[in-house]
Structures are given as C-alpha cells and as structure tokens.
> 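I am attaching a structure below and will ask some questions about it afterwards.
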Amino acid sequence: MTQVTLSPKYQVVIPLEIRTALRLEPGQKIQAFRVGKTISLVPVKPMRESRGLLKGIDTTVDREPDRL
C-alpha cells in the first residue's frame with residue numbers, strides 16, 4: 001500500500017505505479033466519490049472508449065401486456 005501526502009493546497013500526487021497501470025494522462029478528468037470514510041478516484045473515460053461495451057447484451061424483456 002502506497003502512502004501519499006496532502007499538500008497545503010489539498011492536492012495529492014497519484015503514485016507512478018498506479019498512473020501507469022491505469023494509463024492516466026496529464027489533464028485527464030477524474031471523478032471523486034466519498035464512500036463512507038474513504039475517497040474513491042475514478043478516471044473519466046471518453047465516450048468513444050465505451051463503444052461496443054454492451055454488444056451482445058440480451059435486450060428481450062418480459063413486459064406487461066398494457067406496457068407495450
């Protein structure tokens with residue numbers, strides 16, 4: 001587990017091994033979430049990277065007769 005320090009401007013540096021593994025780029029947007037007493041940072045991916053994500057998903061749904 002890597003430990004980082006919060007700067008006086010409330011900034012942290014993401015360690016190189018994590019930046020490399022997640023292929024983070026300078027200027028890339030990251031979403032921050034509070035989960036209980038922890039902070040989760042999730043990289044925001046461009047929509048183009050999501051293309052085909054749901055390919056092959058079963059879209060058949062049993063519907064009530066009056067909900068067509």
> Give the table of side-chain donor-acceptor pairs shorter than 3.5 Å for residues 20-44, with sequence neighbours excluded, one pair per line with atom names and distance.
residue : atom : partner : partner atom : Å
T20     : OG1  : L16     : O            : 2.9
Q28     : OE1  : E25     : N            : 3.0
T38     : OG1  : V35     : O            : 2.7

> In the structure I gave you, are the side-chain heavy atoms of T59 and I57 within less than 4.5 Å of one another anywhere?
yes

> List the residues meeting side-chain hydrogen bond (donor to acceptor under 3.5 Å, both in side chains) with Q3, not counting sequence neighbours, and say none if there are none.
none

> Minimum heavy-atom separation for I14 and R19, please, with both atom names.
O-NH1, 2.5 Å

> Which ILVMFWY residues are connected to L6, directly or by a chain of links, through side-chain heavy atoms under 4.5 Å apart?
V4, Y10, V12

> What are the two closest non-hydrogen atoms of E17 and T2, and how far apart are they?
OE2-OG1, 3.3 Å

